2 protein chains.
Amino acid sequence: MNSRVIAQLAGVSQATVSRVLNNRTNVSPQTRERVLQVIEALNYTPNVLARSLATRKTNTIGLVVANIKNPFFAEIVESITNIAASQGMNIILCSTSQDHRLQRQHVRMLIEHRVQGIIMTSVMLDDSYIRTLVPNGFPVVLVNRYLPGVPADSVVIDNYSGAYEATRHFIRLGHATVGYVRGVRNTSTNRDRERGYREALNQAGIPVRRGWIFDGHYSWQGGYNAGLRFLRLRHRPTAMLCADDLTAIGFIDALYDRGLRVPDAVAVIGFDDVQEASYRPIGLTTVRQPVTAMAEAAMRLLLDRIGGYCGDPRQIVLPAELVIRKSCGANPLWYLARGEETLVADAVPVN
Amino acid sequence: MNSRVIAQLAGVSQATVSRVLNNRTNVSPQTRERVLQVIEALNYTPNVLARSLATRKTNTIGLVVANIKNPFFAEIVESITNIAASQGMNIILCSTSQDHRLQRQHVRMLIEHRVQGIIMTSVMLDDSYIRTLVPNGFPVVLVNRYLPGVPADSVVIDNYSGAYEATRHFIRLGHATVGYVRGVRNTSTNRDRERGYREALNQAGIPVRRGWIFDGHYSWQGGYNAGLRFLRLRHRPTAMLCADDLTAIGFIDALYDRGLRVPDAVAVIGFDDVQEASYRPIGLTTVRQPVTAMAEAAMRLLLDRIGGYCGDPRQIVLPAELVIRKSCGANPLWYLARGEETLVADAVPVN
DNA sequence: ATGAAAGCGCTAACAT
DNA sequence: ATGTTAGCGCTTTCAT
């Protein structure tokens, strides 16, 4: 069913139906009423595809994430879909499973769908094909991970400082041996975090030991495997920084399965501050990413571009914040003794 | 840019370009090659909207979930988008935040986009407007929650039995006092689970006490609040069934904040078996929903409908499975003594 | 205030 | 094997 049959039944031209649908003013109240009644009676719904074809606007944006099951991405998706909905924008969601080919395919699909812009949360450092989109003026915003050398808008937190501070925190707590579990290696996030970790050790005059850096993949399983390898170490570090919270939890679980507890056996800090980190039995100290603020910033950048803004790329870097819980072994008294405020998280919500 | 300019530059008709694009056989290799080269050179991408308009097929399906941040839904989204991608289908995702109006609005939007079918994971019992879609022959599949009286395809687990068995398990472990934290009340899932809980107590001759049933909303916060109210009880039950895992974790966290530990203070069982339930420090006993199987079944039903199948609605009910961890206070020895296999979950993954 | 007509970029007969 | 033509269901001038 289409607007033409509505027109016929209402005894008007199809153009008039279109005017009613779009709330144009130049249509008499009686006519409008009549048209609306027919629409109602037939339960007619306009075809957005045809409209988009005619207007060359789809009001749709593409959202590409690595893995929706990672709660960090789930939170981003939630925030962005909410903002989009409130702006009358629709979202086409793609999950790439950290797969280059798949991601490229998805981007292609999005462009075929004539989305008005794309938000990508999961670019890898060698996804340089993105570079070809941007110079064409196609609106792209990178969130969470960025692409050095690619002139695209981006929103990230200061991962370097986040990791640096987390490692510093370990050192101040008295740890002279600190390890690291990596995330996906060819991502800006992992690169910056690993750099922050190394730099903090260097500046403290603590050598970085290769054997204390484990591979991971921003996943529970990656952290678990790292934990198993950690356990086989002759000399274990007393503290471990993990590339994200999921990794940290996997790491903790591996120790747990062998009867070791955190922070007694090892101190652990993660990255993201997903809700799981705050679950009390876990109590993960972590570097928070302000997801909502990131999503808002990303949507603002993207909508600016869609609105025609074509200035230089803007890079938004939000601050990282260390959220102290129990997994780092910090004791509130320790902070008190040093005259610092306790940074302890999770005030008890009252109803 | 459109296929017409490709045609011009390649010196062929636009119909031929279309043939190349659709891999039709009736086009000479040389022509095809020439066209492909122009396409490549101009980096041309066909317009799916126009194609859909012409073919009346969008290859797109709508997916409506309550809340992507709930890992159970995240897993459903992940599974369904993967299956869809493998079938060349695209997904438009909507998150309703348990809001009737919003959900209705989203469904309308999906129909405007001419999706070829809709998968809904979050219908509420009074979402009877769905009823109007189905008789029109529009493909709709309900997953997780169903709508009694609405003749739509659906995929659920046997929530009644799941809750019944979980409660039975408590009773067999010696608990004579068992409480329940609800999910969203006007959902089939909560209704069936609550019924299973009540029935198990009834059949054991244990009275159901109103004060031991708390409201929740399938959320951490709901569980946490229930936990706080639980703590104010004069006579507390010794075991609590929770409507989902998130609720259970919130409940556990509330107790934890007051210094009580699970299962020492109370035994707890959840529902879903999301990954969080298996995190070792939590170790939540729970009723598993086989998410992947549910997603596959749902997609199969939907694709059948899209393919033209128009038989009677099919209701698929998958079995629920109790996954034993430590939060219910079960001890492997206990099972051993009774000559039962231990059902304990989470075999240690080795790399 | 309303209608007629020309597109939007594609597919799908129908011709040749 | 290729071209011509008529839509798909809208929006948008341009008339009236």
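Keep in mind that what you see is a predicted model, and the values were worked out from it rather than measured. We name chains A, B, ... by the order of the sequence lines, and we start the count at 1 in each one.
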*Do nucleotides 8-16 of chain D as a string where each nucleotide becomes B, S or -: B if the base has a protein heavy atom under 4.0 Å, S if just the sugar-phosphate does, - if no protein is that close.*
BBBBBB---
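In terms of modelled atom types and a separation under 3.5 Å, the side chain of Tyr309(B) and the main chain of Leu302(B) share no donor-acceptor contact. For the pair Asp127(B) (side chain) and Val123(B) (backbone), a donor-acceptor distance under 3.5 Å is absent. At least one donor-acceptor pair closer than 3.5 Å links the side chain of Ser28(B) to the backbone N or O of Thr31(B).
If you check the side chains of Glu112(A) and Thr45(B), you find no donor sitting under 3.5 Å from an acceptor. A donor-acceptor pair shorter than 3.5 Å cannot be found between the side chains of Thr189(A) and Tyr146(A).
Atoms CD1 and CE, on Ile92(A) and Met109(A) in that order, are 5.5 Å from each other to the nearest 0.5 Å. Atom CZ of Arg145(A) is separated from atom OG1 of Thr187(A) by 5.0 Å, given to the nearest 0.5 angstrom.
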*In sequence, state the C-alpha distance, the side-chain angles, and the governing distance for Gln103(B) and Met120(B), and then conclude on side chain to side chain contact (heavy atoms under 4.5 Å, CB included).*
CA-CA 10 Å; Gln103(B) 173 160 297; Met120(B) 308 203 55; 3.4 Å; yes
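Near DNA chain C, meaning a heavy atom under 4.0 Å from it, residues 25-38 of chain B has no residue at all.
With a 6.0 Å cutoff to the six-membered ring centre and a 45° limit on the axis angle, Arg305(A) does not count as a cation-pi contact of Phe138(A).
Annotation for Asp312(B): atom CG does not count as buried by contact number, only 12 or fewer foreign heavy atoms lying within 6.0 Å.
Bracketed by its first and final contacts, the part of DNA chain C lying under 4.0 Å from non-hydrogen atoms of chain B reaches from dG9(C) to dA13(C) in 5' to 3' order.
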